[in-house]
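Below, all heavy atoms of this structure are taken into account, side chains as well, without hydrogens, waters or symmetry copies.
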Amino acid sequence: MKRTYKKASLPVSEIRRFLEPGPIVLVSSRWKNKTNIMTMGWHTVMEFSPSLIGCMITAANHSYEMIRKSGECVINIPTVHLVEEIVGIGNTTGARVDKFRKFGLTPEGGAVVKAPLIKECYANYECKVADTQLLKGYNFFILEVVAAQAAVYPKYPKTVHYRGEGIFMVSGKHINLSTKFKNQNL
């Protein structure tokens, strides 16, 4: 029997609790020998090849201008062991604080971009800004992943997903339905 749900009105400002697209990421940037890290939850895969990611970064965020001017950044994927840093980075402005130093994170050089990778993160996606057409109206960057690194273990890391109102969900149990997929959809 299929499950049904009793529903109540939900303010549209709260829809993100059920719609956040993926794990919280830490976006690192560099402009004029200054670095920054921001916490971000608003991102989405847009294309596979070239590998495009769309993300909304408010123009009020210190990272916005750094990424816009440099034309690059790194999307770093932290695991649950960095949840305190995730919150702290989100509550701190890089305009006044060196977030690498404050949160004890290690910047590493990338293969393609000048923006630093975060050594403590599970994966690092080096990105170039591919399209700025949606910046003026929506603060929406379209990034192309030009190099990527990921830990070899565990295969499925415990990532952190924001549910709104200070509540996080940690990825957990996996179910394997790969035999039900068409090969081209895997």
Kindly work out whether a path of hydrophobic side-chain contacts (I/L/V/M/F/W/Y, heavy atoms less than 4.5 Å apart) joins [X] to [Y].
| X | Y | value |
| --- | --- | --- |
| Ile24 | Ile167 | no |
| Trp42 | Val45 | no |
| Ile37 | Val97 | no |

Tell me the closest heavy-atom pair linking [X] and [Y], and the distance in Å.
| X | Y | result |
| --- | --- | --- |
| Ile118 | Asn124 | O-ND2, 3.1 Å |
| Pro116 | Arg30 | CD-CB, 4.1 Å |
| Leu82 | Cys121 | CD1-SG, 4.1 Å |
| Ser171 | Pro157 | OG-O, 3.1 Å |
| Met56 | Thr58 | SD-N, 3.5 Å |

**OP:** For residues Lys99 and Thr92, determine if any side-chain heavy atom of one lies less than 4.5 Å from a side-chain heavy atom of the other.
**Re:**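 Of all side-chain heavy-atom pairs linking Thr92 with Lys99, at least one is under 4.5 Å.
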
Subject >> Sidechain-backbone polar pair: Glu126 side chain, Val113 backbone, donor-acceptor under 3.5 Å >> reply: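 Pair found, side chain donor or acceptor close to backbone of Val113.
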
Original post:
Between the side chain of Lys158 and the main-chain N/O of Val80, is any donor-acceptor distance below 3.5 Å?
Top reply: no

Original post:
Going by the salt bridge (charged side-chain N to carboxylate O under 4.0 Å, His left out) test, which pairs reach into residues 70-94, not counting sequence neighbours?
Top reply: Glu72-Lys128

Spatial distance of atom [atom1] ([X]) from atom [atom2] ([Y]) [nearest 0.5 Å]:
| X | Y | atom1 | atom2 | value |
| --- | --- | --- | --- | --- |
| Ser51 | Glu144 | OG | CD | 7.5 Å |
| Thr35 | Lys114 | OG1 | NZ | 15.0 Å |
| Met46 | Cys55 | CE | SG | 10.0 Å |
| Lys69 | Ser29 | NZ | OG | 12.0 Å |
| Leu105 | Leu117 | CG | CG | 12.5 Å |

**OP:** Quick one: which residue pairs count as a ring-ring contact (aromatic ring centres under 6.0 Å, His included) with a foot in residues 165-186, not counting sequence neighbours?
**Re:** Tyr156-His174, Tyr162-Phe168

Original post:
How would you list all residue pairs meeting ring-ring contact (aromatic ring centres under 6.0 Å, His included) that involve residues 65-124, not counting sequence neighbours?
Top reply: none

**OP:** Give me the other members of the hydrophobic cluster that Met66 sits in, counting Ile, Leu, Val, Met, Phe, Trp and Tyr linked by side-chain heavy atoms under 4.5 Å, directly or via other members.
**Re:**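 ILVMFWY cluster around Met66 also holds Trp31.
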
**OP:** Could you identify which residues cluster with Val145, counting Ile, Leu, Val, Met, Phe, Trp and Tyr as linked when any side-chain heavy atoms lie under 4.5 Å apart, either directly or through a chain of such contacts?
**Re:**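 Val25, Val27, Met38, Met40, Ile53, Ile57, Tyr64, Ile67, Ile75, Ile77, Tyr125, Val129, Leu135, Phe141, Leu143, which link up through side-chain heavy atoms under 4.5 Å apart, make up the rest of the cluster.
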
Subject >> Qualifying residues under side chain to side chain contact (heavy atoms under 4.5 Å, CB included), relative to Val83, sequence neighbours excluded >> reply: Val160

**OP:** Determine the sole option in Thr79, Asn76, Thr106 for which the side-chain hydrogen bond (donor to acceptor under 3.5 Å, both in side chains) test with Glu120 is passed.
**Re:**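 Testing each of Thr79, Asn76, Thr106 against Glu120, the sole residue satisfying side-chain hydrogen bond (donor to acceptor under 3.5 Å, both in side chains) is Thr106.
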
